[in-house]
A.B. asks: 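Questions regarding the structure given below will be posed in turn.
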There are 2 protein chains.
Amino acid sequence: MLTERQLIILQVIIDDFVDTAHPIGSRALSKKDDLPYSAATIRNEMADLEDLGFLEKTHTSSGRIPSEKGYRYYVDHLIGPSTKQNDVSIIKDIIQDGFFEFEQIVQMSAEVLSKLTNYTSIILGPEMFETTLKQIQILPLSSRTAVAILVTNTGHVEHRSFTIPEKINSSDLEKMVNIMNDRLKGVPIIKLQDVLSTEVSQLMKLYIDDFDKSFDYLKAFFANDNPVKLYIGGKSNILLQPEFNDVEKIRSFFTMMEKEDEIANMLKNSKNGIEVTIGNENESDAIKDLSLITASYHLGGGHMGTIALLGPTRMEYKKVISLIKGLSTEMTDALYMWYRTND
Amino acid sequence: MLTERQLIILQVIIDDFVDTAHPIGSRALSKKDDLPYSAATIRNEMADLEDLGFLEKTHTSSGRIPSEKGYRYYVDHLIGPSTKQNDVSIIKDIIQDGFFEFEQIVQMSAEVLSKLTNYTSIILGPEMFETTLKQIQILPLSSRTAVAILVTNTGHVEHRSFTIPEKINSSDLEKMVNIMNDRLKGVPIIKLQDVLSTEVSQLMKLYIDDFDKSFDYLKAFFANDNPVKLYIGGKSNILLQPEFNDVEKIRSFFTMMEKEDEIANMLKNSKNGIEVTIGNENESDAIKDLSLITASYHLGGGHMGTIALLGPTRMEYKKVISLIKGLSTEMTDALYMWYRTND
DNA sequence: TGTTAGCACTCTAACCAAGTGAGTGCTAAT
DNA sequence: ATTAGCACTCACTTGGTTAGAGTGCTAACA
């Protein structure tokens, strides 16, 4: 178990390192007001803390820096309840404005979050397996083109314009839409393709001449829908972090950020509540030297999506955690409001 | 005027430097098959080319690299007609697929273009002052929410969902839409706000009780429409270029790329046909050490949008120019097709 | 007169040696 | 239990040396 003094020293070291990104030595520490001990005393304590695995040296005669275990301890034990709520209210204002669509809110939140923290923010949009189709509408634009509008129970709207195949006339089209509205309402988005190929296609064959030829087209229409939306804010913020002074690191970071599906998978597993994974605690190799903070937002208990921040292990955990905590509850509230007016 | 031999030497130097990014000396040049001259002869020629401003040295005893004037001459005089058309056909296939919306085509083109070249591609979407409103439709989602669909003459579709203010009932809403469809059809997108505040609001006052209170809402609805869409592909491609080995350069590049309106302005001025601006020829300070290649695509003669590539001055001009040339005509064709089926 | 070989000169990049300073671990005194 | 003192370590800086690639110029050559 750590003594009281060791706790204080660990905390001061972490706070200082988070601030400066430089290793800190015993002499410099002894000059801080918080620590009325001599350099030698602190030196001994630091040696103990290192033995316990909370501190590291960059080389034999360097100052100390926190280890990942040190950060872990800090996050688990040394972070008090968050104090100031000012920052979160910025986001609150945006959400409560009420004018924006949910998509825009998410987008803006990601941006604000990254701007407030100088890290990279990632928000996973409402997940599709909770989302069901509410209605399909077709709006003709010209004799040969039309736009289809899909609406989900979460208030998400999507449109897709297309040219009408020659073999289909407008009454056929109407029939098709009616069948789809009849049979696809309430079906989870991810199951749309399935239901379409089985039930719906059976039914359509009965009513529409020459249906087989149109089916491929219809299927393709529902196909290119990426299952989950990812909003990333402040990608280039990491360039402000001194740990990214190396072109190679920057490159690997950016190539990682381009693999959106991998990132989505990374975040999908996150449980309810706040979760902090530090460095090697991360499963994905690509972020083994970064820290990831995730929180989820909900709709009436069900898991909907995830908010995350990605930054160096040397992260302002205290500030960041309280921010994310605030934002996730804000988004849960906003979603609830949406759902109420939208149903 | 340059002699035949000087032309060849200049060309070989540029080709080599574009390839390797290293200064090249007389001895290395003399070994190339293209140049059956001794190192000393080439040395003399290079000295002359330097006096004329086509070459530079990085330091007194270094090999030569092309100057901006050298690139300019190369682009103006030494690039023959493009040979292989293979690359462009990739894009052609995507466009001719016919299934995608114009927006998606533009997006994908930007991506393909950047992937083929390893530079950063920028495409300016169809410009709004050529674009007019074709129709407005309102689709109710629930008692208190609805989605509006705007369609333009270029086949661009946009939707925006909103909550219906309490003071407006559904028959009022219908009236409003009718009036808008009547009066706003054919109005250029950028003038929508104007016409709305003058004519339309006058008219609506006559028919709708309590209109004033709703007007702000309506206005806001048309407001947050950014005037022009920018598609950027391969932002992180410059990390592959050896000239970006410096974190500071990378940083300034990325902060530049975030100022989308500035970039849009940069591209707006581009005239018809291909235009190449090299280094300091660029007006914008932010890209004074980069080269920009632009081409525009059209709709029946009118200027619609711009395709551009941004890369180091040491650029594969030959390849890139033929690619962009191909793409711009492809997009012009695609637009024409769109317009025909869409009208 | 154009081309080439030869040579002195210049500058970068890599390497090495010495010196400095911040920091540590250990021991002995308080 | 705390602290002062001291020897030691290691990164970083500075200055000097060398090797290599390249140039400019001059003189010889076809």
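Keep in mind that the numbers below use all heavy atoms, side chains included, and drop hydrogens, waters and symmetry copies. Throughout, protein chains are lettered first and strands after them, A, B, ... in sequence-line order, and every chain is numbered starting at 1.
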A.B. asks: For B:Glu45 and D:dG24, what is the distance between atoms CD and P respectively, to the nearest whole Å?
C.D. replies: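 Going from B:Glu45 (CD) to D:dG24 (P), I get 13 Å.
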A.B. asks: Side chain of A:Arg5, heavy atoms from C-beta onward: which of C:dT3, D:dC10, D:dT2 has the nearest atom to it?
C.D. replies: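 Shortest atom-to-atom distance from the side chain points to D:dT2.
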A.B. asks: Can you measure A:Leu55 atom CG to C:dT24 atom C1' for me and round it to whole angstrom units?
C.D. replies: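 Between C1' of C:dT24 and CG of A:Leu55: 14 Å.
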A.B. asks: Between B:Ser38 and C:dT4, is there a contact of a side-chain N or O with OP1 or OP2 at under 4.0 Å?
C.D. replies: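 True: B:Ser38 side-chain N/O within range (under 4.0 Å) of C:dT4 OP1/OP2.
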A.B. asks: Of the non-hydrogen atoms in A:Gly279 and A:Glu68, which two are nearest, and what is the gap between them?
C.D. replies: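 Closest approach of A:Gly279 to A:Glu68: CA-OE2, 3.5 Å.
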A.B. asks: Could you give the NE2-to-C1' distance, from A:His59 to C:dG25, as a whole number of Å?
C.D. replies: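 Taking NE2 of A:His59 and C1' of C:dG25, I get 15 Å after rounding.
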A.B. asks: Classify the ring geometry between A:Phe244 and A:Phe253 as parallel (under 30°), tilted (30 to 60°) or perpendicular (over 60°).
C.D. replies: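 Plane angle over 60°, so perpendicular.
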A.B. asks: Name every residue in residues 8-22 of chain B that has at least one heavy atom under 4.0 Å from any atom of DNA chain C, in order of residue number, or write none if there are no such residues.
C.D. replies: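 Residues of residues 8-22 of chain B under 4.0 Å from DNA chain C: none.
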A.B. asks: Counting heavy atoms from C-beta on, name the nucleotide in D:dT3, C:dT4, C:dG25 closest to the side chain of A:Ala47.
C.D. replies: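 Nearest listed nucleotide: C:dG25.
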A.B. asks: To the nearest Å, give me how far apart CG (A:Asp48) and C1' (C:dT24) are.
C.D. replies: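 After rounding, the reported distance stands at 14 Å.
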A.B. asks: Only one of B:Lys57, B:Glu56, B:Arg43 clears side-chain contact (heavy atoms from CB on, under 4.5 Å) with B:Arg64; which?
C.D. replies: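 Only one of B:Lys57, B:Glu56, B:Arg43 forms a side-chain contact (heavy atoms from CB on, under 4.5 Å) with B:Arg64, namely B:Lys57.
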A.B. asks: Looking at C:dT3, D:dT3, D:dT9, which one has an atom nearest to any side-chain atom of B:Thr41?
C.D. replies: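 Looking only at heavy atoms from C-beta outward on B:Thr41, the closest nucleotide is C:dT3.
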A.B. asks: Measure across B:Glu50 and B:Leu55 and return the closest heavy-atom pair with its distance rounded to 0.1 Å.
C.D. replies: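 Of all heavy-atom pairs spanning B:Glu50 and B:Leu55, the closest is CG-O, 3.6 Å.
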A.B. asks: If I take atom CG in residue A:Asp51 and atom C1' in nucleotide C:dT24, what distance separates them, rounded to the nearest angstrom?
C.D. replies: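 Result: 13 Å.
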A.B. asks: Would you tabulate the pairs of protein nitrogen or oxygen atoms and nucleotide nitrogen or oxygen atoms of nucleotides 15-17 of chain D closer than 3.5 angstrom?
C.D. replies:
none

A.B. asks: Using only atom types and a distance under 3.5 Å, with no angle test, would you say the side chain of A:Ser296 pairs donor to acceptor with the backbone of A:Thr306?
C.D. replies: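 No; zero donor-acceptor contacts below 3.5 Å.
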A.B. asks: Which pairs, with at least one residue in residues 237-255 of chain B and sequence neighbours excluded, count as a salt bridge (charged side-chain N to carboxylate O under 4.0 Å, His left out)?
C.D. replies: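 The answer is B:Glu243-B:Arg314, B:Glu248-B:Arg251.
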A.B. asks: Quick check: are there more than 12 heavy atoms from other residues, nucleotides or ligands sitting under 6.0 Å from CZ of B:Arg27?
C.D. replies: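 Open.
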A.B. asks: According to side chain to side chain contact (heavy atoms under 4.5 Å, CB included), who are the partners of B:Glu283, at least two apart in sequence or on a separate chain?
C.D. replies: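 Partners of B:Glu283 under the side chain to side chain contact (heavy atoms under 4.5 Å, CB included) test: none.
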A.B. asks: Taking everything shown except A:Lys115 itself, do over 12 heavy atoms lie less than 6.0 Å from its NZ?
C.D. replies: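 Open: at most 12 neighbouring heavy atoms sit under 6.0 Å from NZ of A:Lys115.
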A.B. asks: If I take atom CD1 in residue B:Ile42 and atom C1' in nucleotide D:dG24, what distance separates them, rounded to the nearest angstrom?
C.D. replies: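 Whole-Å distance recorded here is 16 Å.
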A.B. asks: Mark yes or no for whether A:Asp34, through its side chain, and A:Ile8, through its backbone, hold a donor-acceptor pair below 3.5 Å.
C.D. replies: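 A pair under 3.5 Å: no.
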A.B. asks: Let me know the distance between CG of A:Leu29 and C1' of C:dT24, rounded to the nearest Å.
C.D. replies: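 It works out to 13 Å between those atoms.
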A.B. asks: Is the B:Phe254 ring parallel, tilted or perpendicular to the A:Phe254 ring (thresholds 30°, 60°)?
C.D. replies: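 Judged by the thresholds at 30° and 60°, the geometry between B:Phe254 and A:Phe254 is parallel.
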A.B. asks: Send over the distance from A:Leu49 CG to C:dG25 C1', rounded to a whole Å.
C.D. replies: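 That distance rounds to 16 Å.
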A.B. asks: Not counting sequence neighbours, which residues clear ring-ring contact (aromatic ring centres under 6.0 Å, His included) with A:Phe17? List them please.
C.D. replies: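 Listed in chain order: nothing, the list is empty.
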A.B. asks: Mind listing the N/O atom pairs, protein and nucleotides 17-23 of chain C, below 3.5 Å?
C.D. replies:
| unit_1 | atom_1 | unit_2 | atom_2 | d |
| --- | --- | --- | --- | --- |
| C:dG23 | O3' | A:Ser62 | O | 3.4 |

A.B. asks: Counting just side-chain N and O atoms, does A:Lys57 come under 4.0 Å of either OP1 or OP2 of D:dA11?
C.D. replies: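 Checking A:Lys57 against D:dA11: no side-chain N or O falls below 4.0 Å of OP1 or OP2.
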